[in-house]
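Worksheet for the structure shown next.
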Amino acid sequence: QVHLVQSGGGSVQSGGSLRLSCRTSGFTYVNYCMAWFRQAPGKEREGIAAIDNDGNTNYADSVKGRFTISQDSAKNTLFLQMNNLKPEDTAMYYCASEGAYYHGGPPLEDYEYNYWGQGTQVTVSS
């Protein structure tokens with residue numbers, strides 16, 4: 001059974017940094033993609049960063065240049081380093097994974113992912 005357990009998050013002032021982690025267990029796919037999504041109150045869930053087993057990445061324009069997605073060498077923990085945070089980054093953040101490889105690069109659409117973390121709140125104050 002696949003489990004994704006998130007940690008990190010919290011509150012920070014504008015311009016600050018946070019790192020989110022997502023530890024996976026039971027996820028044994030050789031070909032896979034993993035991603036971070038976020039959902040602010042009253043808004044739709046937004047895919048912001050994705051990575052696949054080859055290390056290809058994909059970023060939403062809203063976070064490009066500020067956020068970095070990565071994995072540890074064992075590839076069982078996913079990270080999201082968030083720098084230069086802005087109040088509009090305030091949201092609940094979720095990690096997700098799927099045992100599939102996309103030749104066009106890892107997707108940012110939530111319907112492509114079947115396994116989800118529990119979510120962690122990020123709040124950025126101005």
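Numbers for residues simply follow the sequence, beginning at 1. Only this structure's heavy atoms are used, side chains among them; waters, hydrogens and symmetry mates stay out.
- Going from atom OG1 of Thr120 over to atom CD of Gln6 covers 6.0 Å, rounded to the nearest 0.5 Å.
- For the pair Lys64 and Asp61, the salt-bridge criterion is met [side-chain N within less than 4.0 Å of a carboxylate O].
- Between the side chain of Asn58 and the main chain of Ala50, no donor-acceptor pair closer than 3.5 Å is present.
- Checking side-chain atoms of Thr24 against main-chain N and O of Asn76 turns up a donor-acceptor pair under 3.5 Å.
- Between Gln71 and Asp52, the shortest heavy-atom contact is NE2-O, 3.6 Å.
- Closest approach of Val124 and Thr90 over heavy atoms only: N-OG1, 2.9 Å.
- The hydrophobic cluster containing Phe79 does not contain Met34, counting ILVMFWY residues as joined when their side-chain heavy atoms lie under 4.5 angstrom apart, directly or transitively.
- For the atom pair Trp116 CH2 and Arg45 CZ, the distance stands at 3.5 Å (nearest 0.5 Å).
- Remark: the backbone N or O of Thr77 is paired with a side-chain donor or acceptor of Asp72 at under 3.5 angstrom.
- What you find for Ser62 and Glu46 is that their closest heavy atoms are OG-OE2, 3.0 Å.
- A pairwise comparison of heavy atoms in Thr57 and Ile69 identifies CG2-CG2, 3.8 Å as the closest pair.
- Considering every non-hydrogen atom in both Tyr59 and Leu108, the closest pair reads C-CD1, 3.8 Å.
- Within 6.0 Å of the CZ atom in Arg23, the count of heavy atoms belonging to other residues, nucleotides or ligands does not exceed 12.
- Atom CE of Met92 sits about 9.5 Å away from atom CD of Gln118, to the nearest 0.5 Å.
- Identified under the disulfide bond (SG atoms under 2.5 Å apart) test for residues 12-72, with sequence neighbours left out: Cys22-Cys95.
- Using a distance-only test at 3.5 Å, with no hydrogens or angles considered, a donor-acceptor pair links the side chain of Glu98 to the main chain of Asn114.
- Side-chain contact of Tyr113 with Tyr94: a donor-acceptor pair under 3.5 Å is absent, judged by distance alone.
- When each of Met82, Lys86, Gln81 is tested with Arg66 by the rule side-chain contact (heavy atoms from CB on, under 4.5 Å), just one qualifies, namely Lys86.
- The two residues Tyr102 and Pro107 make their nearest non-hydrogen contact at CD1-CD, 3.5 Å.
- Checking side-chain atoms of Asn53 against main-chain N and O of Tyr32 turns up a donor-acceptor pair under 3.5 Å.
- Asp54 and Tyr101 are linked by a side-chain donor-acceptor pair at a separation below 3.5 angstrom, with hydrogens and angles left out of the test.
- Distance CG/Leu80 to OG/Ser70: 8.0 Å, rounded to 0.5 Å.
- By the criterion of side-chain heavy atoms lying less than 4.5 angstrom apart, applied directly or through intervening Ile, Leu, Val, Met, Phe, Trp or Tyr residues, Tyr93 is not grouped with Val5; the two fall into different hydrophobic clusters.
- Using cut-offs of 30° and 60° for the angle between ring planes, the Tyr115 and Phe27 rings count as perpendicular.
- The hydrophobic cluster containing Trp36 also contains Leu4, counting ILVMFWY residues as joined when their side-chain heavy atoms lie under 4.5 angstrom apart, directly or transitively.
- Under the side-chain contact (heavy atoms from CB on, under 4.5 Å) rule, Val63 has a single partner from Asn83, Asn84, Leu85, Ile48, which is Ile48.
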